2 protein chains.
Amino acid sequence: MSRFLSNATNRIDAKGRVSVPAGFRAVLSQRGIQELYCLQDFIFPAVSVGGPDLLDRYERQIASVDPFSVEANRMSLLIHGGGVFMRLDAEGRLMVTDFIRDFTGISTEVTFVGRSDHFQLWQPQAFHEAQAAAREGRSSSRPG
Amino acid sequence: MSRFLSNATNRIDAKGRVSVPAGFRAVLSQRGIQELYCLQDFIFPAVSVGGPDLLDRYERQIASVDPFSVEANRMSLLIHGGGVFMRLDAEGRLMVTDFIRDFTGISTEVTFVGRSDHFQLWQPQAFHEAQAAAREGRSSSRPG
DNA sequence: TGGGACCATATGGGCGTCAATGGGAATGGC
DNA sequence: GCCATTCCCATTGACGCCCATATGGTCCCA
């Protein structure tokens, strides 16, 4: 089973580091991912984290349009300019930078959320609310 | 990873110099780029910086359109008339000239923005706004 | 079945290194 | 000679690397 699943909340220490859940680290090493590509989600106040293949997927989208177009320029601004490469330290922790804090509202704790081929960083409260809202939306349109 | 990615904001000192982020400098040296070519972005108030190949790419773009068109004329004016060559000093800093300040609105700080094969200089606030606007435009679509 | 050894994960913090920054001195153009 | 750029060196503050401790759970064995 090599997918990012479930969620966990960990504390940020005095230096601004947080441990990536062991389960997620296992998936990373299983997939041979050493360099993490992080990007702000387009919909939720969350930062997506995955391997270079995550970036590749977005770049293929850019490549599909005229490289000098306004649309390509905008996409590159988000994907390249808004993306960040990160590495875990020896203990499997990552730095929670201002880049992450500002966009997610994270301050003292991080909720790691599995998304199959990548995972996300959420402010715990925001995650619970978004999840509750998603559940609402589904149960109202599809009872059962 | 041999691409210009992510963004970082650095201060301009009293002499008008600013440090290019170490990550970007690493990409430059890896690509053997010593002379930097700078030109104005066609869409955003930003200055693009790259190796001589950046100039080549734009010239090919001009060549691909009607040489007598308004578009070709305008591009040539920006690329050939507005382009500038620069070098980094021993510490990896570059001079923020009036050419850069006037076009970008940069005054005390510079945001370096990765664009995969080149990088850009932005006024920090302008970058955040442009990125937020671009995200708005894309919030409805997601990659497959 | 209860206690305890053992283990893995999460967390805390010391310390060295390097990047970012500041400023003096030398250089060169006008 | 004056101003602007370039070269060189000093400072400092952040980050990476390392080791120590806490915490909770599991397994083994009496």
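So that the names make sense, note that chain A is the first sequence line, chain B the second, and so on, each numbered from 1. Being a predicted model, the structure only gives us computed values, none of them experimental.
Residues satisfying the side-chain hydrogen bond (donor to acceptor under 3.5 Å, both in side chains) test with B:T9, not counting sequence neighbours, are B:T111. For B:E109, there are no side-chain hydrogen bond (donor to acceptor under 3.5 Å, both in side chains) partners two or more places apart in sequence or in a different chain. Every residue meeting the side chain to side chain contact (heavy atoms under 4.5 Å, CB included) condition with B:Q125, not counting sequence neighbours, appears here in chain and number order: B:Q123, B:E129. Under the rule for a side-chain hydrogen bond (donor to acceptor under 3.5 Å, both in side chains), the partners of A:H80 that lie at least two apart in sequence or sit in another chain are A:E59, A:S76. Residues satisfying the side-chain hydrogen bond (donor to acceptor under 3.5 Å, both in side chains) criterion with B:E91, sequence neighbours excluded, are absent altogether.
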>> Determine whether A:F44 and A:F103 satisfy the following criterion, ring pair (Phe, Tyr, Trp, His ring centres under 6.0 Å), listing intermediate values before the conclusion.
In response: CA-CA 10 Å; A:F44 297 110; A:F103 188 71; over 10 Å; no

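The salt bridge (charged side-chain N to carboxylate O under 4.0 Å, His left out) pairs that include a residue from residues 24-47 of chain B number zero, where partners must be two or more places apart or lie in different chains. Note on residues 8-23 of chain A: pairs passing salt bridge (charged side-chain N to carboxylate O under 4.0 Å, His left out), not counting sequence neighbours, are A:D13-A:R17, A:D13-A:R93.
Between the P atom of D:dA4 and the CG atom of B:D89 lies a distance of 18 Å, rounded to the nearest Å. Summarising the geometry, the separation between CG on A:D98 and P on D:dA14 is reported as 11 Å, rounded to the nearest angstrom. In this structure, B:M95 places its CE atom 8 Å from C1' of D:dA4, rounding to the nearest Å. Atom CZ of A:F112 is separated from atom C1' of C:dT11 by 13 Å (rounded to the nearest Å). Whole-Å rounding puts the A:I100 CD1 to D:dC15 P distance at 12 Å.
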Protein-nucleotides 21-24 of chain D N/O pairs closer than 3.5 Å?
none

Can you name the atoms? Protein N/O to nucleotides 18-22 of chain C N/O, anything below 3.5 Å, with the distance.
residue: C:dA20; atom: OP1; partner: B:A22; partner atom: N; Å: 3.2
residue: C:dA20; atom: OP2; partner: B:A22; partner atom: N; Å: 3.3
residue: C:dA20; atom: OP2; partner: B:R25; partner atom: NH1; Å: 2.9
residue: C:dT21; atom: OP1; partner: B:R11; partner atom: N; Å: 3.3
residue: C:dG22; atom: N7; partner: B:R93; partner atom: NH1; Å: 3.1
residue: C:dG22; atom: O6; partner: B:R93; partner atom: NH2; Å: 3.1

